[in-house]
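Numbered from 1 within each chain, the chains take letters A, B, ... in sequence-line order.
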Amino acid sequence: MINITFPDGNVKQFESGVTPYQIAESISAGLARNILAANLNDEEWDISRPITSDGSIQFFKWEDPEGKHAFWHTSAHLLAEALQELYDGVQFGIGPAIENGFYYDIDPGENQLTSADFEKIEKKMAELVARKEAVVRRDISKADALKFFGDGGQQLKCELISELEDGHITTYTQGNFTDLCRGPHLPSTEPIKAVKVLSLAGAYWRGDEKRPQLVRVYGISFPKKKMLDEYLVMLEEAKKRDHRKIGKEMELFAFSQNVGAGLPLWLPKGAALRNRLQDFLAKIQKKYGYQQVVTPHIGNKMLYVTSGHYAKYGKDSFQPIHTPEEGEEYLLKPMNCPHHCEIYRTAPRSYKDLPLRFAEFGTVYRYEQSGELHGLTRVRCFCQDDAHLFCTPDQLKQEFLGVMDIISYIFSIFGFEYEAQISLRDPNHPEKYVGSDENWEKAERAIIEACEEKGLKARQETGEAAFYGPKLDFMVKDALGRRWQLGTIQVDYNLPERFGLEYTGADNLKHRPVMIHRAPFGSLERFIAVLLEHTAGKLPLWLVPDQCVVLPISEKYNDYARRVVSELNDLDVRATIDDRNEKIGRKIRDNELKRIPYLLIVGEKEEAAGEVSVRKQGEGDQGSKKITIFAADLKDEVARMTDFKV
RNA sequence: GCCGCAAUAGCUCAGUCGGUAGAGCAUUUCAUUCGUAACGAAAAGGUCGCGGGUUCGAGUCCCGCUCGCGGCUCCA
């Protein structure tokens, strides 16, 4: 007999060899019906895998990420099984579960896969599910595994196996398909009731662009048909929130082939929106002791040779600008830090001057790879809400914490949920970084400690650091769940060294300041993109281009409507007019669809009383008010939203 | 940059077998002067992304480029 401990601390005895499924059955039939995966002593465990020693068990259902994970992982195998049945000579790479669904990377050999094949593949998968095949786990020796997959012509699998430790290799088999896999899996493919093959894409084998490119087949599956339908509807809805679509509808920004890829044109309403965001940030930063600076959009190439950026990115960037002068070269600035370092150097600095905080809404240019460009989230010209803080080593932590406060405050104003990520260097590839080990360790420790101090849960990723220092990034998801880095804070001991920055300490000796790079929005472009997707274009009242629109009932009241607009504008309310020769119902519909927060209807009654009839976006008629009262109420509402208590 | 897919009116899209282009919305004009989500009529609008090729003939087939979309890689 073995002792199984449950999450609530209860311990029950079972015969050795009992499976999680049987344990669940002993609790209730309902639980047994719903569990998809288990966890034994913190090890992922198939629900059909026998347990032969004491342990703590946890069950996972569809509602748990671990349950979905097993479900989709088995679905990936099912996809592979279908592909194996449909096409000869397919080689399989890897096929994991992902956040929403699963994929399988395959080398299709002679076969040509297109989206026209999706239906055929889905049908085959359903057919395989109907066979009710069990998914069977086997331990296998390295030699046997190599032979098995080698005989099957699965060279990619053999490469994976060759890197595994003998004695820890398992396979999972269903029907005629056997995959190298760690699991866990469902006991059979039977629960997979609804499958959708979503897309095809290229993906480099093992994520290495120097290796062959495979075909990645994406799919998703559900235990109920209805859930798939709901998911597909949700996807459609998400596409409607695409910032590229909304930005066009709201006349915020545009792209032109003639200007170039990845170079956004900001239209009047978009430009005004940017200005409001900048004012908002500048106001907060002023309270935190930042000083605004302005620097040129170009810089001498030597500036970037000094900073190290030229060696690292020079050949992949916009190439140097040549002047009439022989041998003189300038770069479009890809970042603001070197300029800010030069501002630091304009005067001798004392420890009494520090910290210095230079902020700039700095436009930078980066030649991003063509395939990377994506709406406003990845562009070749963007505006960083940048600042560089120069401080003594003693002040570092406090400064870092101050920046964290700004970022969390800003994200709370917009209601963004974010994930924090600490990006550390990859100790196996020191050649990718500049600076001493000692400085890197100091910087990495400072970030980790700051997060602990703030109680911020941050994922640590090695190899994600910038070449000159580690960073703390704030990631926010877009409408389709793709993660984008917005805010970033980076500790840098290296640029101060490269630029020979100094201050005089209390000891009258020269010291090296520490530098913090930080950008709460990251870039105005990306921030606006994510903001549009989060709000579906219904921007908060304080940011929205038009806060209200005046709708005259008929052309007879256009004059009064114009007086209302001008009075509101004088009161700093952003008001426009819809004086088209249309019926009021039509004007209401069109302006609701334009996402304008307040519609002000004016006719005979309003004109006589000097009032406007207020209709709130999505909420209907709110009754009528004096113009001045409406303006005051609106400004109160704005003040409540942007009550900048920092 | 790589793999795959697309590009037709301002927008969303149709266009069959290769025979010189069509709808809805938007726009303009006319009519109407209206009370809380689409009144009606008419007109105008296109070098079918660009360049080349095949063909008697190309929006349609082929090649190259550009731009865009989904991924991959990259992201100072």
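Here the nucleotide nearest the side chain of A:Ser554, chosen from B:C39, B:C34, B:G71, is B:C34. Of the candidate nucleotides B:U32, B:C67, B:A37, B:U32 has the atom nearest to the side chain of A:Glu555. Residue A:Glu592 places its side chain closer to B:A37 than to any other of B:A76, B:A37, B:G35. Closest contact between the side chain of A:Arg482 and the listed nucleotides B:A37, B:C72, B:G70 involves B:G70. Nearest to the side-chain atoms of A:Gln213 among the listed nucleotides B:G70, B:U33, B:G71 stands B:G71. Nearest nucleotide to the A:Ala203 side chain, out of B:G70, B:U33, B:C72: B:C72. The nucleotide whose nearest atom lies closest to any side-chain atom of A:Arg366 is, among B:U36, B:U33, B:C75, B:C75.
Applying the 3.5 Å distance criterion, the base of B:C39 shares no donor-acceptor pair with the side chain of A:Asn581. Residue-to-nucleotide contacts include a donor-acceptor pair under 3.5 Å from the side chain of A:Ser613 to the base of B:U36. Donor-acceptor pairing under 3.5 Å, judged by distance alone, is absent between the side chain of A:Glu368 and the base of B:C75. In this model, a side-chain donor or acceptor of A:Glu606 finds a partner on the base of B:G35 within 3.5 Å. Contact of A:Tyr204 with B:G1 (side chain to base): a donor-acceptor pair of N or O atoms is detected under 3.5 Å. Looking at A:Arg378, its side chain comes within 3.5 Å of the base of B:C75 through a donor and an acceptor atom.
Rounded to whole Å, the C1' atom of B:C63 lies 11 Å from the corresponding atom of B:U54. Spacing of C1' atoms, B:U32 relative to B:C39, comes out at 8 Å, to the nearest Å. Nucleotides B:U60 and B:G49, compared at atom P, are 8 Å apart to the nearest Å. With both ends at atom P, the span from B:U33 to B:G15 equals 43 Å, rounded to whole Å. B:A44 sits 15 Å from B:G24 when the P atoms are compared, rounded to a whole Å. Separating the P atom of B:C62 from that of B:A23 is a span of 29 Å, rounded to the nearest Å.
Between the CD1 atom of A:Ile553 and the C1' atom of B:G35 there is a distance of 4 Å, rounded to whole Å. Following rounding to the nearest Å, A:His517 (NE2) and B:A76 (C1') show an atom-to-atom distance of 9 Å.
For A:Tyr598 and A:Phe630, the gap between ring centers is short of 6.0 Å. A:Phe361 has its ring centre no less than 6.0 Å from the ring centre of A:Phe521. Between A:Tyr344 and A:His388, the ring center distance fails the sub-6.0 Å criterion.
A:Gly620 comes within 4.0 angstrom of nothing in the nucleic acid, heavy atoms only. Residue A:Arg615 is in base contact, counting any heavy-atom pair closer than 4.0 Å across all strands shown. Note on A:Lys471: only backbone sugar-phosphate atoms sit closer than 4.0 angstrom, heavy atoms only; bases stay farther off.
Each of A:Tyr313, A:Tyr367, A:Tyr330 was checked for a ring pair (Phe, Tyr, Trp, His ring centres under 6.0 Å) with A:Phe318, and the lone residue meeting it is A:Tyr367.
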Can you name the atoms? Protein N/O to nucleotides 7-14 of chain B N/O, anything below 3.5 Å, with the distance.
none

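By the 5.5 Å and 30° criteria, A:Tyr313 is stacked with the base of B:A76.
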